[in-house]
Amino acid sequence: MKRTKVIDILKSTAFGSEVTVMGWVRTKRDSKTIAFIAVNDGSVIHNIQAVVDVANFDTELLKSISTGACVSITGTLVQSQGKGQSSEIQAKKIEVFGTADDTFPLQKKGHTLEFLREIAHLRPRTNTFGAVLRVRHHLAYGIHKFFNDKGFFYLNSPIITSSDAEGAGEMFRVTTLDMDKLPRKDGKLNFEEDFFGKETNLTVSGQLEGEAAATGIGQIYTFGPTFRAENSNTPRHLAEFWMIEPEAAFNDINDNMDLAEEMLKYLVKYALDNCADDLTFLNNMYDKDLLNRLNTVVHSTFKRITYTEGVDILEKSGHKFEFPVKWGIDLQREHESFLVEHFKTPVIVTGYPKEIKAFYMKQNEDGKTVRAMDVLFPYVGEIIGGSQREENYDKLKARILEMGIDEKTLWWYLELRKFGTCPHAGFGLGLERLVLFITGMTNVRDVIPFPRTPKNAEF
Ligand code: 4AD
Ligand code: MG
């Protein structure tokens, strides 16, 4: 079907020429002689207005057009008389693909985001979700561009795996066994009869496979869905989220921080450059400080501190935290926000106690801390988690045993250190946390098309 997208119609100055727009009716205003139909096709936040001379059209056809209907309108592109738009279409031919009666839930503007979550299948037809989905797309493209331009190779790490990359046990099992007749051997579930002949789960991270690739082709990044069965019902956690995990041979923790900072600034700038209309809409609609905040991050220098320094700042602040601060605790959301507020800039914290971090992180000489790094952002808290990796075979193995992890599932990961080991580092960026920050939305459920959270997989 031949049509011109609204984004291109609005750019066109070929007044007098014929165009066809196809899209969904946002509003229709009627008078006896003339009707105005605002059509949106999702290519851009703006609508195009069709001006309809009522006398030239069948009354029943015009009556069938209401908010939510899908139409094709062909007509002459003219310069607009009205305010707020530069061009409009003088309708000559109208076809209705699909009507929408008055049970269509998006009749009026101004629905709450909570309500829109209940109609996740229809929310792409709203301005807000159109904007969010377009920004999300541009960011995904920008991520590929950033890494490609730096010579990183895109690696497709597996979705089904038999290892627990974070050692945290928060996994969704993958099985073809009949749940009603689970085979047991010596009292234990016997996975020998399962599809893969062993226990498997959905991946919690592509990092381990990413390390295998980086220690062969140098620099890689993964970009795929990640699954965590953690029961955290917060505005920042999803059971299914998208993660970008670069891994680079011969990078130490400082190179890792440099890469993370450069990438985040690049992506925020990429969004500002490529999503100006959508970000302006979100800024005006939800958060008047959004554009200002994004620009500030692009021009900032991230503050780098150690965990020990961070804890010191929190302790000396005199602030009463819900979770009391003491060296050794995992930093909570309130602590992270405090540090970001304190420095008024994104903060990178390194050197966490080894007890609260994963088995694969490079151990420092002090025997207490590891070369971990978390990047903390305004509004979203932790946006990146990463580390330099333990490349010493004996130290890694000792840590695995110390943490009670089954080393048999990690034999291949240990071999990366047995043969030609090298210093390397990487991190994981949560795509939804990035989109959250850039769009100014406040709940990750509103930045992914169909959110998966505890007790929620309706669509
Ligand atoms: O800090 P995490 O757990 O780190 C890893 O998975 C490492 N394997 C990364 C690496 O070094 N290659 O997760 C990384 C990021 C977090 O900082 C956060 O942005 C996001 O992933 N994330 C989540 N986003 C949404 N919902 C969840 N449940 C998330 N868990 C982590
Ligand atoms: Mg983390």
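Order of listing sets the numbers, starting from 1, for every ligand and every atom in it. What you see below is based on every heavy atom in this structure, not just the backbone, and it leaves out hydrogens, waters and symmetry mates.
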Between Tyr221 and Phe152 (judged by ring centroids, cut-off 6.0 Å), do the two rings come close enough to count as a pair? no
Does the plane of the ring in Tyr270 sit parallel, tilted or perpendicular to the ring in Tyr141? Use 30° and 60° as the thresholds. tilted
Around ligand 1, what residues show up once you keep those with a heavy atom under 4.0 Å from it? Glu166, Ser205, Gln207, Arg228, Glu230, Arg236, His237, Leu238, Phe241, Met243, Glu245, Tyr360, Glu382, Ile383, Ile384, Gly385, Gly386, Arg389, Gly426, Phe427, Gly428, Gly430, Arg433
Restricting Glu382 to its N/O/S atoms, the closest one to the Mg ion (ligand 2) is OE2
Are the aromatic ring centres of Tyr307 and Tyr352 under 6.0 angstrom apart? yes
Output a table of donor-acceptor pairs, distance under 3.5 Å, between side-chain atoms of residues 448-459 and any protein atom two or more places apart or on a different chain; print 'none' if there are none.
residue: Arg452; atom: NH2; partner: Phe459; partner atom: O; Å: 2.7
residue: Thr453; atom: OG1; partner: Asn456; partner atom: ND2; Å: 3.3

Do any of the N, O or S atoms of Asp374 sit under 2.8 Å from the Mg ion (ligand 2)? no
What is the ring orientation for Phe437 with Phe377, classed by angle as parallel under 30°, tilted 30 to 60°, or perpendicular over 60°? perpendicular
Whether Lys418 engages the ring of Trp411 as a cation-pi pair (distance to the six-membered ring centre under 6.0 angstrom, angle to the ring normal within 45°) should be assessed. no
Assess Arg228 against Phe241: is NZ or CZ under 6.0 Å from the centre of the six-membered ring, and within 45 degrees of the ring's axis? no
